[in-house]
Protein chains: 2
Amino acid sequence: MKIDPNSSADLSAQIAQAIRDAIVDGKLIVDERLPSEAEMADQFNVSRPTVREALKRLAAQSLIRTQRGATGGAFVNRLSFPDAYAQQITTSTLLLSMNAVSFDTACEARYALERACAPLSAQRRTADHLATMRAEIHRQQQPGLTDEAFCDSDVAFHRALVDGAQNPVLSYQLAGAVEGMQPLMNMITFTARSRNQIVSLHTAIADALERRDAPAVDDTLKELSGYTQSLARDVMAKRAR
Amino acid sequence: MKIDPNSSADLSAQIAQAIRDAIVDGKLIVDERLPSEAEMADQFNVSRPTVREALKRLAAQSLIRTQRGATGGAFVNRLSFPDAYAQQITTSTLLLSMNAVSFDTACEARYALERACAPLSAQRRTADHLATMRAEIHRQQQPGLTDEAFCDSDVAFHRALVDGAQNPVLSYQLAGAVEGMQPLMNMITFTARSRNQIVSLHTAIADALERRDAPAVDDTLKELSGYTQSLARDVMAKRAR
DNA sequence: ACTTTTCTATTTGTCAGACATTTAAAAGTC
DNA sequence: GACTTTTAAATGTCTGACAAATAGAAAAGT
């Protein structure tokens, strides 16, 4: 691991990259302890604050964790699924909110990916997944529900659908697609009528999953996708006035 | 934005989280300048190195960028698609390599998502996308190609397929699924015969895309998925001996 | 001999102050 | 007016120090 003091990049960025590469390439394995900050400062010929800035960069990506005390130090962290979920969601949310991505584009991507999970979910979903979906459908019918709470429940419903595929990698990927879109979905005002429509589509999806009827799930998801986009278009049109 | 000096969390982590929240909630908008490090140190009642560690955390997530000089400082960064790609790939790669995810699970997720893009790509792919795919197929037929170079070309081929859908959000999501699997794919030894088989499937995909024949693309992808899994199973079996 | 307490060394977390470097704008010069 | 020099502000880096946490060794007590 070498560092170039004359490079245009910051020293802390270079050091972070060197360690990151070592982790990705498997030269540093999970739970392995890195040298102490003082030792690294020596090795890289920089000061301790510079090493610390590099370590904080890695900590922000959940690549390392640190522990104080006698046997403490920085350790290569096993990137857990929950950590990866969280990062995926933050990144996706910001990407959508900062880049003038049209609702249609985001919606198309989301439903395309979700429909990819549907056949697997129809095949493998457990009674638990179905129960979660039914419970969320019930919640969506509560009268006093705010738009935000309705969206939250919507996310939980779709998450259960995706989790039904019993493939953690799929669930991880979809977390970004489904939850990252929430701020965009929150912009939609759900009238009583549109809520009823969505609830009936959700019910159709749950029914089809119960029958393990993959084509029916797919058709209904397609319909839901189209309906969501039409709702969004209405909102845009109203806002234009 | 408030900080609790008695919290168990590091001060720099708290400060980073406070700023991150402000960005996600839209209280800080793109290209807005944050106060100088000295000012923030005052505001949060911490030292400048602590503020700097917080800023480095945010920089690691591409949430801010810094500029030196008179009018310099830290600015809220527009998270670009390339930046998001890079993060997505790193996270996915590490997630797969650190969590004993079976090849089948990863492969299933990857092809499920890729097949979701196929119909859109059949509809919208340009001549450019096709040309890229043909070029990669040609490269895959070179005799002296290493397994790694073959995998690289494979990734480029599939990336062109996904990009054909002309939906940047899809491309972003698929980047993790396709490129994150590369270390796993690199474990497979491609014999001359298996390469021929893969090339012929790639050719069939390109042909079907040229005809805009979505069902044929889907069928061939399904076949390719099955073939890849059978190759992996062979490798595992050989390694077991 | 065993348990409990105290001490100690190590390591990260934080602070203060200083200097180097970069950069844009203001001031000066022709 | 165009060019050069100066200046001020900001980040980047270094040094040295102390605080706090923590595990293990040493000491004390039973």
Side-chain angles (χ1 to χ4, degrees), chain A residues 1-20 23 28 30-77, chain B residues 1-20 23 28 30-77:
Chain A
M1 294 199 281
K2 282 283 164 61
I3 293 304
D4 172 17
N6 300 323
S7 160
S8 63
D10 294 352
L11 292 177
S12 69
Q14 289 182 60
I15 293 171
Q17 191 59 52
I19 299 173
R20 184 163 28 241
I23 294 174
L28 292 170
V30 168
D31 291 335
E32 186 171 340
R33 183 180 176 281
L34 296 158
S36 75
E37 294 173 355
E39 284 177 277
M40 293 179 116
D42 260 12
Q43 278 180 32
F44 289 119
N45 231 307
V46 297
S47 67
R48 192 156 82 94
T50 302
V51 169
R52 280 182 63 79
E53 287 180 8
L55 294 180
K56 294 314 161 200
R57 288 177 191 265
L58 299 172
Q61 296 177 303
S62 307
L63 291 182
I64 61 167
R65 62 178 185 279
T66 53
Q67 227 174 358
R68 292 170 76 163
T71 59
F75 299 84
V76 177
N77 195 34
Chain B
M1 293 200 282
K2 281 284 162 62
I3 293 304
D4 172 16
N6 300 321
S7 160
S8 63
D10 295 351
L11 292 177
S12 69
Q14 289 182 60
I15 294 171
Q17 191 58 52
I19 299 174
R20 184 164 25 240
I23 294 174
L28 291 169
V30 168
D31 291 334
E32 185 171 340
R33 183 181 177 283
L34 289 110
S36 75
E37 294 173 355
E39 284 177 277
M40 293 180 117
D42 258 13
Q43 278 181 31
F44 289 119
N45 231 305
V46 298
S47 67
R48 191 157 85 92
T50 302
V51 169
R52 281 182 63 79
E53 287 179 9
L55 294 179
K56 295 313 162 200
R57 294 176 119 107
L58 299 172
Q61 297 178 303
S62 306
L63 289 182
I64 61 167
R65 62 178 186 280
T66 54
Q67 230 175 357
R68 293 171 74 163
T71 61
F75 299 83
V76 178
N77 195 36

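Note that the structure is predicted; figures quoted are calculated from it, not measured. By convention in this document, chain letters (A, B, ...) are assigned in the order of the sequence lines, proteins followed by strands, and residues within each chain are numbered from 1.
For A:Arg48 against C:dG13, a side-chain N or O and a base N or O form a donor-acceptor pair under 3.5 Å. Side-chain to base pairing of A:Arg68 with D:dT22: no donor and acceptor N or O lie closer than 3.5 Å to each other.
Here B:Thr50 reaches the OP1 or OP2 of C:dC15: one of its side-chain N or O atoms lies under 4.0 Å away. B:Ser47 has a side-chain polar atom (N or O) that falls below the 4.0 Å cut-off from OP1 or OP2 of C:dC15. The side chain of B:Ser12 places no N or O atom within less than 4.0 Å of a non-bridging phosphate oxygen (OP1 or OP2) of C:dG13.
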Review point. Does the side-chain contact (heavy atoms from CB on, under 4.5 Å) test come out yes or no for A:Ile23 and A:Gln61, once each step is laid out?
Key: CA-CA 12 Å; A:Ile23 294 174; A:Gln61 296 177 303; over 6 Å; no
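Nearest-nucleotide positions on DNA chain C place A:Ala70 closer to the 5' end than the other of A:Ala70 and A:Lys56. Residue whose closest nucleotide on DNA chain D sits further toward the 5' end, between A:Thr71 and B:Ser36: B:Ser36. With the nearest nucleotide of DNA chain C identified for both B:Gln67 and B:Leu11, B:Leu11 has the one nearer the 5' end.
Distance CZ (B:Phe44) to P (C:dT14): 14 Å, rounded to an integer number of Å. The separation between B:Met40 atom CE and C:dT14 atom P is 16 Å, rounded to whole Å. Whole-Å rounding puts the B:Ile15 CD1 to C:dG13 P distance at 14 Å. Atom pair B:Asp42:CG and C:dG17:P shows a separation of 12 Å (rounding to whole Å applied). Distance A:Asn45 CG to D:dT13 C1': 13 Å, rounded to the nearest Å. In this structure, CZ of B:Arg65 is placed 17 Å from P of D:dA10, rounded to the nearest angstrom. Between B:Arg52 atom CZ and D:dG12 atom P there is a gap of 5 Å when expressed in whole angstrom units.
Side chain of A:Asn77 to main chain of A:Ser62: a donor-acceptor pair is present (N/O by atom type, distance under 3.5 Å, no hydrogens or angles).
Looking only at side-chain heavy atoms (C-beta outward), A:Arg65 and A:Asp31 come within less than 4.5 Å of each other. For the pair A:Asp10 and A:Arg57, the minimum side-chain heavy-atom distance is below 4.5 Å.
Proximity note for B:Glu37 (side chain, C-beta onward) versus C:dT14, C:dA16, D:dG12: the nearest is D:dG12.
Among A:Val46, A:Leu58, A:Leu55, the single residue meeting the side chain to side chain contact (heavy atoms under 4.5 Å, CB included) criterion with A:Ile15 is A:Val46.
Among the heavy atoms of the strands lying under 4.0 Å from B:Arg33 are primed sugar atoms or P, OP1, OP2 only; no base atom is included.
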